[in-house]
Asks: 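Okay, here's the structure, questions in a sec.
Just so you know, ligand 1 is whichever comes first in the structure, and atom 1 is the first atom listed for that ligand.
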Amino acid sequence: MRLFLAIPTPQALQQQLKNLQPLAPDGVSLTRTENMHITLAFIGDGNIAQIEKALAHFNFQSLLVQQEGLGVFEGRKRSILWAGLAPNQQLFYLRKNLTSCLNRRGISFDLLEWQPHITLARCSTAAHKTLMKEFLKQANNPTEAFRVEEFALYNSVIEEGLTRYKVVSRYALQL
Ligand code: ATP
Ligand code: MG
């Protein structure tokens, strides 16, 4: 299983982000708009019931998030082109509270330094230097902030060659 906790993005933002995606020549894969999300924690293989139990009483205030800036995580082989978020302490607290909750129940998750982002595309590093440069040069006009009222536990599956994120459970944030 590929379980992860993430914030879904609103459709209006998805459409704006779609305009920032590069063309998709060979070796470039674009995130489908409905899949655009902000990962809060990647769990991978895990016990769904145990995770649901850990989060059953999870409580956090809803928050405002604003997309801002573009970036690239340049890997040795593959790179990730992403849309960033405006600095947001509440979002970091949300991640921190979630990971504490998982830790308390002995549920393991990605331990790399968390950098909130929305993945827009992936490509091979060596073959797409120019594409990455052009991506970063684009104007990223300010988008409207959106209120995050929930996050979800997703299971990432591949169906007919397409990555799909299936909602396993939803967690509302307090208004
Ligand atoms: P693909 O099918 O192309 O791999 P994907 O990367 O979006 O698509 P998953 O690999 O299932 O799908 O990952 C789901 C989410 O978890 C994505 O946001 C991904 O960036 C994130 N993720 C995956 N592996 C890790 C990891 N080891 N550490 C942190 N986040 C991860
Ligand atoms: Mg992946």
Asks: Give me the nearest non-hydrogen protein atom to atom 11 (O) of ligand 1 as residue plus atom name, then the distance to 0.1 Å.
Replies: Ser156 OG, 2.6 Å
Asks: Which atom pair, heavy atoms only, marks the closest approach of Phe151 to Leu94?
Replies: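 Result for this residue pair: CE2-CD1, 4.5 Å.
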Asks: Strictly inside 4.0 angstrom of atom 2 (O) of ligand 1, do you find any protein heavy atom?
Replies: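 Yes, at least one protein heavy atom sits under 4.0 Å from atom 2 (O) of ligand 1.
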Asks: Do Phe60 and Tyr171 make the cut of ring centroids closer than 6.0 angstrom?
Replies: no
Asks: Does the Thr125 side chain pair with the main chain of Lys77, one donor and one acceptor, at a distance under 3.5 Å?
Replies: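 Between the backbone of Lys77 and the side chain of Thr125 there is a qualifying donor-acceptor contact (under 3.5 Å).
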Asks: Angle class for the Tyr165/Phe4 ring planes (parallel below 30°, perpendicular above 60°, tilted otherwise)?
Replies: perpendicular
Asks: Is Arg32 paired with Glu34 through a side-chain N to carboxylate O contact shorter than 4.0 Å?
Replies: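 Arg32 and Glu34: salt-bridged.
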Asks: Distance under 4.0 Å to a non-hydrogen atom of Thr163: what atoms of ligand 1 satisfy this?
Replies: 1 (P), 2 (O), 8 (O)
Asks: Over 60° means perpendicular and under 30° means parallel, so tell me whether Trp114 and Phe92 are parallel, tilted or perpendicular.
Replies: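 Because their plane-to-plane angle is over 60°, the rings of Trp114 and Phe92 count as perpendicular.
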Asks: Can you figure out which of Phe42, Tyr165, Tyr154 has its heavy atom closest to atom 16 (O) of ligand 1?
Replies: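 Ranked by closest heavy atom to atom 16 (O) of ligand 1, first place is Phe42.
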Asks: Do me a favour and list the nearest non-hydrogen protein atom to atom 28 (N) of ligand 1 with residue, atom name and distance?
Replies: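 Of every protein heavy atom, Asp110 CB, 3.3 Å lies nearest to atom 28 (N) of ligand 1.
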Asks: List the closest protein heavy-atom neighbour of atom 17 (C) of ligand 1: residue, atom name, distance to the nearest 0.1 Å.
Replies: His37 NE2, 3.5 Å
Asks: Please state which option from Arg122, His117, Arg2 has its nearest heavy atom closest to atom 19 (C) of ligand 1.
Replies: Arg122
Asks: Using a plain distance cutoff, I'd like to know if Thr39 has any nitrogen or oxygen under 3.5 Å from a nitrogen or oxygen of ligand 1.
Replies: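 Among all N and O atoms of Thr39, at least one is under 3.5 Å from an N or O of ligand 1.
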